[in-house]
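A short write-up of the structure that comes next.
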Amino acid sequence: MDEIYRMDILVILEFLVGIVSIYCSYKFLDKWYTPLFLKRPLNRSKTAKYILGLLPVVSFGIILVTLKMLASFDVVGNFLYIMMYMFLGGAWLFLGITLMSCIFDLSWLDDALNLNNTAALIAVAGGFLGLTLIYSGANIGNGPGWWCVVFTGGLGLVAWIILGLIINICTKNFERITVERDIGCGIRFGAYLLASGIILARACAGDWISFSMTVVEFTDGWSVLTLAGLLILVEWYYIYSAKSGKNNNAIFGSILLGIIFITIAIMIVYLLPPTTENPMYRAALELFNRSLHV
C-alpha cells in the first residue's frame, strides 16, 4: 500500500513539474523572441538579432538529439517523456540566462541587443550554449526520474557559476565586456563558457546510482579548474599588455585562444578516463553496495 501511495506521489510530482516546465518554457521563448521583433531601438544590429534568434533553435536541437539517442532507456523513443524533458530544458535555459544576467551582469537584452555590444553578444552566445550542454549532459544515462537530471545538472550549473565568479574576481571580465566593450575579452570568455560547459556536461553524464555517488562521479569535471586557471593567466597577460600600451583587443589572437579552449575541452572529454575507472571509485561503490545490505 505504501509503495502504491509513493508511486501516486511521484506521478503527481512529475505532472506538476511538466506543467511548470511548459509555463517556464513559454515565458522564456516569449521574453526571448518578442524583443527581437520590436522595431525600437532603431539602431539594433541585425547580426545580433539573427544570432540571438538562432540560439534557442540550436539549443533545443542539441537537447532533442540527446534525448532521442543518449537519455534514459524509458525516455528514448517515448514521445511524452521527450517532450517533458524538452520543456524542462526550456525552463533550465530560462533559469540559466536569468542567472547570467543577475550574477554575471551579462544581459542578452540590454547589452547584446539594445546596446549593440558585440563583446557581450559573443559571451552570451557562449554561455547559452554552455548551459545547453550541461543540461544535455545531465540527461545522458539511465535514471529513475526527472530529479536525477535536476540534481546532476544543478551540480554542473553551480560549478559553472562559481568558476565564472572566481574568474571575474581575478580579471574583472564582466566590466571589461559590458563597460569597456572589449571584444577580445568577450571572445575568450564566451569560448571558456562553452568549453567549460563541454567538460561539465561530461561530469553530469552517467547512470544514476544515488545522490552521494553522483557527487563522487561529478569529480570527472575536475579538469575545468585547469581551464579556468588557464583563462585567468591569459586575461592577466592581456591586462598587463593594456597597461603597457600594447593592443589589448587582438581579435585574431582571441579567436585562436577560443578555439584552443574548446579543443582542450573536447580532448579532455575523449582522452581522460572517467571516474568510474578509478580504483578509489570502485572501492566507494563497493562500500555503498554493502551499506544497502546492512
Side-chain angles (χ1 to χ4, degrees), residues 21-38 41 44-68 82-83 85-139 149 153 156-157 160-161 164 173-174 177-178 181 183 185-201 204 254-255 258-259 261-262 265-266:
S21 297
I22 292 173
Y23 174 76
C24 289
S25 294
Y26 164 74
K27 293 296 291 184
F28 164 62
L29 293 175
D30 178 54
K31 288 189 174 182
W32 188 270
Y33 279 106
T34 299
L36 296 181
F37 291 100
L38 297 178
R44 282 178 173 178
S45 168
K46 290 184 178 180
T47 301
K49 293 174 67 173
Y50 291 145
I51 291 175
L52 292 172
L54 192 60
L55 280 174
V57 178
V58 173
S59 294
F60 280 116
I62 293 172
I63 295 171
L64 179 60
V65 171
T66 302
L67 292 173
K68 295 190 71 173
I82 288 176
M83 292 306 300
Y85 284 105
M86 287 288 289
F87 285 122
L88 185 59
W92 173 275
L93 291 173
F94 189 26
L95 171 65
I97 206 69
T98 301
L99 290 176
M100 278 185 62
S101 179
C102 296
I103 300 177
F104 286 1
D105 198 25
L106 285 173
S107 171
W108 71 272
L109 179 58
D110 295 329
D111 297 312
L113 184 61
N114 290 340
L115 297 178
N116 292 329
N117 187 334
T118 303
L121 173 64
I122 297 171
V124 166
F128 197 103
L129 295 176
L131 288 166
T132 300
L133 293 176
I134 293 172
Y135 176 75
S136 298
N139 277 280
V149 175
L157 179 60
W160 192 75
I161 292 289
N173 268 13
F174 302 163
I177 291 171
T178 57
R181 297 184 174 227
I183 297 178
C185 184
I187 293 172
R188 296 187 298 272
F189 189 60
Y192 162 79
L193 292 177
L194 173 55
S196 60
I198 294 173
I199 296 174
L200 292 172
C204 293
S254 297
I255 293 174
I259 293 172
F261 289 156
I262 296 171
I266 294 172

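Start at 1 with the first residue, then count along the sequence.
- Here Phe128 pairs with Trp32 under the ring-ring contact (aromatic ring centres under 6.0 Å, His included) rule; sequence neighbours left out.
- In this structure, the side chain to side chain contact (heavy atoms under 4.5 Å, CB included) partners of Ser107, at least two apart in sequence or on a different chain, are Ser101, Leu109, Asp110, Asp111.
- Residues satisfying the side-chain hydrogen bond (donor to acceptor under 3.5 Å, both in side chains) criterion with Ser59, sequence neighbours excluded, are Thr132.
- Pairing each heavy atom of Gly258 with each of Ala191, the nearest pair is CA-CB, 3.3 Å.
- Scanning for side-chain hydrogen bond (donor to acceptor under 3.5 Å, both in side chains) contacts around Asn114 gives Arg44, with sequence neighbours left out.
- Contact between Ala91 and Ser25 at its shortest, heavy atoms only, is N-OG, 3.6 Å.
- A heavy-atom distance below 4.5 Å is not found between the side chains of Thr118 and Arg181.
- Taking the side chain as every heavy atom from C-beta outward, Leu133 and Leu194 approach each other to under 4.5 Å.
- In this structure, Leu131 and Leu193 have side chains that are not in contact, with every pair of non-hydrogen atoms separated by 4.5 Å or more.
- Distance CD1/Ile122 to CZ/Arg188: 11.0 Å, rounded to 0.5 Å.
- Nearest heavy atom pair, residue Ala265 against residue Ala195, reads CB-O, 3.4 Å.
- Ring planes of Tyr192 and Phe189: parallel class, angle under 30° (limits at 30 and 60°).
- Thr66 places none of its side-chain heavy atoms less than 4.5 Å from the side chain of Tyr85.
- Of all heavy-atom pairs spanning Ser136 and Ile63, the tightest one is OG-CG1, 3.6 Å.
- Using a 4.5 Å heavy-atom threshold, the side chains of Leu93 and Pro56 count as separate.
- Here the side chain of Asn139 pairs no donor or acceptor atom with the backbone of Leu67 at under 3.5 angstrom.
- Atom OH of residue Tyr23 and atom CZ of residue Phe28 lie 15.0 Å apart, to the nearest 0.5 angstrom.
- Here the side chains of Leu121 and Leu52 are in contact, with some heavy-atom distance below 4.5 Å.
- Atom CD1 of residue Ile198 and atom CD1 of residue Ile134 lie 10.5 Å apart, to the nearest 0.5 angstrom.
- Side-chain contact check for Leu29 versus Phe60: some heavy-atom pair is nearer than 4.5 Å.
- With sequence neighbours excluded, the residues forming a ring-ring contact (aromatic ring centres under 6.0 Å, His included) with Tyr135 are Trp92, listed by chain and number.
- Heavy atoms only, all atoms of each residue included: Leu113 and Lys49 are closest at CD1-CG, 3.7 Å.
- Here the OH-OG1 distance, from Tyr50 to Thr47, works out to 8.0 Å after rounding to the nearest 0.5 Å.
- Within the 4.5 Å cutoff, the side chain of Ser254 has no heavy atoms near those of the Ile183 side chain.
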- request: Could you check Phe174 against Phe104 for ring pair (Phe, Tyr, Trp, His ring centres under 6.0 Å), going step by step and ending with a plain yes or no?
  value: CA-CA 6 Å; Phe174 302 163; Phe104 286 1; 5.0 Å; yes
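- When all heavy atoms of Leu88 and Ser21 are compared, the pair lying nearest together is CD1-OG, 3.4 Å.
- Asn173 pairs by the side-chain hydrogen bond (donor to acceptor under 3.5 Å, both in side chains) definition with Thr171, Arg176, not counting sequence neighbours.
- For the atom pair Leu64 CG and Met83 CE, the distance stands at 8.5 Å (nearest 0.5 Å).
- For the atom pair Trp108 CH2 and Asn117 CG, the distance stands at 14.5 Å (nearest 0.5 Å).
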